**Student:** 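Take this structure, written in structure tokens, and hold onto it; I'll ask about it next.
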Amino acid sequence: MKIKSLSREQIRSVDQQAIENYGMSGLVLMENAGRGAAEVIQRNAATGRVVILCGKGNNGGDGYVIARHLDLMQRQVRVVSVVELDALSGDAAANAAIAQKAELDVQVATTAEVMESHLHDCEVIVDCLLGTGATGPLRGIYADAVKIANQTKATRIAIDVPTGMDVDSGEADPHTFQAELTITFVAPKIGFEFEGTQSRLGDIEVVPIGVPRKLLRQWASEA
Ligand SMILES: NC(=O)C1=CN([C@@H]2O[C@H](COP(=O)(O)OP(=O)(O)OC[C@H]3O[C@@H](n4cnc5c(N)ncnc54)[C@H](OP(=O)(O)O)[C@@H]3O)[C@@H](O)[C@H]2O)[C@H](O)CC1
Ligand SMILES: [K+]
């Protein structure tokens, strides 16, 4: 079944319905998202050290799941959070805690200098800073992190939407993450169809997260 491009509102309602009407849990959706993304990353960037940049919300939460699954694939992985971990909540906090108990390499970088020290020698950078919850211009360390990442020679992979891009309008902050590959969940986003977004998105892979077909049928573009 091919799902047409969805808006922020529509994708949120998929989440909501999966949880409220089908009894799925956010943790299960996040696990499916992170595991699916890790498998696509392994297929597209099969070697080298991976740094996963994590923000405060569930896009960041995906990053901790991705880290755990890449570690299971014997990859060298480091998570670099742009917020103190006690600022996390819900499913993101749960997966950050699992990552720490699993003794994955989790660092915090709230300044550009510390961020630079983590990014200068890695081969793959995964953007889990902001997803569909982003609003307005990038704030502080988020802008710094994207600027530094864009200056490296690393392969850059965006999760759900490149940080700095508006998921509905396609409008891009001056410091939008420049991805070679964007791994997006459930369906492409309507903002991806706008002029000029291609250079920031790179190739797009859609990863299903286990939401039942019956729920998605309302947005199917073909059976
Ligand atoms: N059904 C699905 O597709 C699933 C998607 N998942 C992932 O969840 C994210 C959406 O997560 P959410 O927590 O709603 O939002 P974000 O992670 O994108 O943003 C989180 C917080 O970031 C702050 N924020 C917002 N805009 C900015 C900005 N311009 N600069 C800096 N910080 C910003 C804001 O927090 P504040 O309290 O600081 O205002 C946001 O709350 C989705 O994209 C997927 O990756 C699920 O994992 C599974 C299901
Ligand atoms: K992102």
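For ligands, and for the atoms within them, numbers begin at 1 and follow the listed sequence. Here the structure is a predicted model, which means the values were calculated and not measured.
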**Student:** Can you give me the OD1-the K ion (ligand 2)-O angle for Asn59 and Leu130, to 10°?
**Tutor:**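 It is 70°, given to the nearest 10°.
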**Student:** Backbone, side chain, both or neither: what part of Asn59 comes under 4.0 angstrom of ligand 1, heavy atoms only?
**Tutor:**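 Under 4.0 Å from ligand 1, Asn59 contributes backbone and side-chain atoms.
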**Student:** Which bit of Pro137 is near ligand 1, meaning a heavy atom under 4.0 Å away: side chain, backbone, both or neither?
**Tutor:**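 Under 4.0 Å from ligand 1, Pro137 contributes backbone atoms alone.
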**Student:** How about Gln107 and Ser81: does a side-chain donor come under 3.5 Å of a side-chain acceptor?
**Tutor:**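 Their side chains do not contain a donor-acceptor pair, so the 3.5 Å distance test is not met.
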**Student:** Thr182 versus Phe192: any side-chain heavy-atom pair under 4.5 Å?
**Tutor:**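 Answer yes - side chains close enough.
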**Student:** Is it true that the side chains of Glu31 and His69 contain a donor and an acceptor less than 3.5 Å apart?
**Tutor:**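 Their side chains do contain a donor-acceptor pair, which is all the 3.5 Å distance test asks for.
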**Student:** Please check this pair: side chain of Asp71 against backbone of Ala67, looking for a donor-acceptor N/O pair closer than 3.5 Å.
**Tutor:**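 Not at all, since once roles are kept as given, no pair shorter than 3.5 Å links the two residues.
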**Student:** Does the side chain of Lys189 pick up a donor-acceptor pair with the side chain of Thr184 at under 3.5 Å?
**Tutor:**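 Yes, because at least one side-chain N or O of Lys189 sits under 3.5 Å from a partner of the opposite role on Thr184.
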**Student:** Which of the listed options, Asp62, Ile209, Val161, holds the heavy atom that is closest to atom 7 (C) of ligand 1?
**Tutor:**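 Minimum heavy-atom distance to atom 7 (C) of ligand 1 goes to Asp62.
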**Student:** Could Arg35 and Glu39 be called an ion pair, given the rule that one side-chain N must be under 4.0 Å from one carboxylate O?
**Tutor:**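 Answer for the salt bridge query: yes.
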**Student:** Are Met30 and Val79 grouped together when hydrophobic residues (ILVMFWY) are joined by side-chain heavy atoms under 4.5 angstrom apart?
**Tutor:**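 No, Met30 does not connect to Val79 through the hydrophobic network.
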**Student:** Please state which protein non-hydrogen atom is closest to atom 4 (C) of ligand 1 and give its distance, to 0.1 Å?
**Tutor:**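 Here the closest protein heavy atom is Asp15 OD1, 3.7 Å.
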**Student:** Would you mind telling me which of Leu138, Asn150, Leu130 makes a side-chain contact (heavy atoms from CB on, under 4.5 Å) with Phe177?
**Tutor:**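 Testing Phe177 for a side-chain contact (heavy atoms from CB on, under 4.5 Å) against Leu138, Asn150, Leu130 leaves exactly one candidate, Asn150.
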**Student:** I'd like to know if Val186 and Leu215 are part of one continuous hydrophobic network [Ile/Leu/Val/Met/Phe/Trp/Tyr, side-chain heavy atoms within less than 4.5 Å].
**Tutor:**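 Both belong to a single hydrophobic cluster.
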**Student:** Among protein heavy atoms, which lies nearest atom 15 (O) of ligand 1, and at what distance?
**Tutor:**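 So the nearest neighbour among protein heavy atoms is Gly133 CA, 3.3 Å.
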**Student:** In terms of residue, atom name and distance, what is the protein heavy atom nearest to atom 34 (C) of ligand 1?
**Tutor:**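 For atom 34 (C) of ligand 1, the nearest protein heavy atom is Arg139 NH2, 4.4 Å.
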**Student:** Could you check whether atom 41 (O) of ligand 1 has a protein contact, counting only heavy atoms that fall below 4.0 angstrom?
**Tutor:**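 Under the 4.0 Å cut-off, atom 41 (O) of ligand 1 has no protein heavy-atom neighbours at all.
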**Student:** Taking atom CD of Glu171 as the centre, does the number of heavy atoms from other residues, nucleotides or ligands within less than 6.0 Å exceed 12?
**Tutor:**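 Count not over threshold, so no.
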**Student:** Mark up the atoms of ligand 1 that fall under 4.0 Å of a heavy atom belonging to Ile11, in ascending order.
**Tutor:**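 Here the atoms of ligand 1 in question are 3 (O).
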**Student:** Find all atoms of ligand 1 within a distance of less than 4.0 Å from any non-hydrogen atom belonging to Ala134, and give their numbers and elements.
**Tutor:**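 Near Ala134, the atoms of ligand 1 are 18 (O), 25 (C), 26 (N).
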**Student:** Tell me, please, if Ile159 has any N/O/S atom, main chain or side chain, under 3.4 Å from the K ion (ligand 2)?
**Tutor:**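 Ile159 does place an N, O or S atom closer than 3.4 Å to the K ion (ligand 2).
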**Student:** Among all protein heavy atoms, pick the one closest to atom 31 (C) of ligand 1 and tell me residue, atom and distance.
**Tutor:**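 Going atom by atom, the protein heavy atom closest to atom 31 (C) of ligand 1 ends up being Tyr142 CD1, 3.6 Å.
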**Student:** Who's the nearest protein heavy-atom neighbour of atom 10 (C) of ligand 1, and how far?
**Tutor:**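 Result for atom 10 (C) of ligand 1: Thr132 OG1, 3.3 Å.
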**Student:** Within the stated cut-off of 3.4 Å, is an N/O/S atom of Asp127 closer than that to the K ion (ligand 2)?
**Tutor:**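 Asp127 does place an N, O or S atom closer than 3.4 Å to the K ion (ligand 2).
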**Student:** Any idea which protein heavy atom is nearest atom 14 (O) of ligand 1, and the distance to it?
**Tutor:**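 Result for atom 14 (O) of ligand 1: Arg12 NH2, 3.3 Å.
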**Student:** If two hydrophobic side chains count as joined below 4.5 Å and joins carry through other members, does Ile66 share a cluster with Ile204?
**Tutor:**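 No: no chain of side-chain contacts under 4.5 Å links Ile66 to Ile204.
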**Student:** Quick check: does Gly136 get an N/O under 3.5 Å from an N/O on ligand 1?
**Tutor:**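 So ligand 1 has an N or O lying under 3.5 Å from an N or O of Gly136.
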**Student:** Can you find an N or O of Asp160 that's nearer than 3.5 Å to an N or O of ligand 1?
**Tutor:**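 Such a contact does occur with ligand 1.
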**Student:** Heavy atoms only: which of Val28, Asp91, Leu29 lies closest to atom 48 (C) of ligand 1?
**Tutor:**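 Answer by nearest heavy atom: Leu29.
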**Student:** Quick one: do Arg43 and Glu205 make a salt bridge, cutoff under 4.0 Å?
**Tutor:**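 Salt bridge flag = yes for Glu205 with Arg43.
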**Student:** Could you check which of Ala92, Gly164, Gly57 puts a non-hydrogen atom nearest to atom 21 (C) of ligand 1?
**Tutor:**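 Checking each option, the heavy atom nearest atom 21 (C) of ligand 1 is found in Gly57.
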**Student:** For atom 26 (N) of ligand 1, what is the closest protein heavy atom, and at what distance to 0.1 Å?
**Tutor:**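 Its nearest protein heavy-atom neighbour is Thr135 N, 3.0 Å.
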**Student:** Looking only at N/O atoms, are Gly131 and ligand 1 under 3.5 Å apart anywhere?
**Tutor:**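 For ligand 1, there is an N or O atom that lies under 3.5 Å from one belonging to Gly131.
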**Student:** Is it the case that the side chain of Asp168 and the backbone of Arg8 share a donor-acceptor pair, with hydrogens and angles ignored and the cut-off at 3.5 Å?
**Tutor:**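 Yes.
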**Student:** Looking at the K ion (ligand 2), is one of the N, O or S atoms of Phe177 less than 3.4 Å from it?
**Tutor:**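 Given the 3.4 Å cut-off, Phe177 does not count as a ligand of the K ion (ligand 2).
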**Student:** Classify the side-chain pair Gln178/Arg156 by whether it contains a donor and acceptor separated by less than 3.5 Å.
**Tutor:**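 No.
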**Student:** Identify, for atom 19 (O) of ligand 1, the protein heavy atom at the shortest distance, and state residue, atom and that distance.
**Tutor:**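 Ranked first by proximity to atom 19 (O) of ligand 1 is Leu130 CD2, 3.8 Å.
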**Student:** Specify side chain, backbone, both or neither for Lys56, according to which of its non-hydrogen atoms lie closer than 4.0 Å to ligand 1.
**Tutor:**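 The answer is the side chain.
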**Student:** Just how far is it from atom CZ of Arg68 to atom CG of Leu70, taken to the nearest 0.5 Å?
**Tutor:**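 With rounding to 0.5 Å, CZ (Arg68) is 11.0 Å from CG (Leu70).
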**Student:** For atom 11 (O) of ligand 1, state which one of Asn95, Asn58, Val83 supplies the nearest heavy atom.
**Tutor:**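 It is Asn58 that holds the nearest heavy atom.
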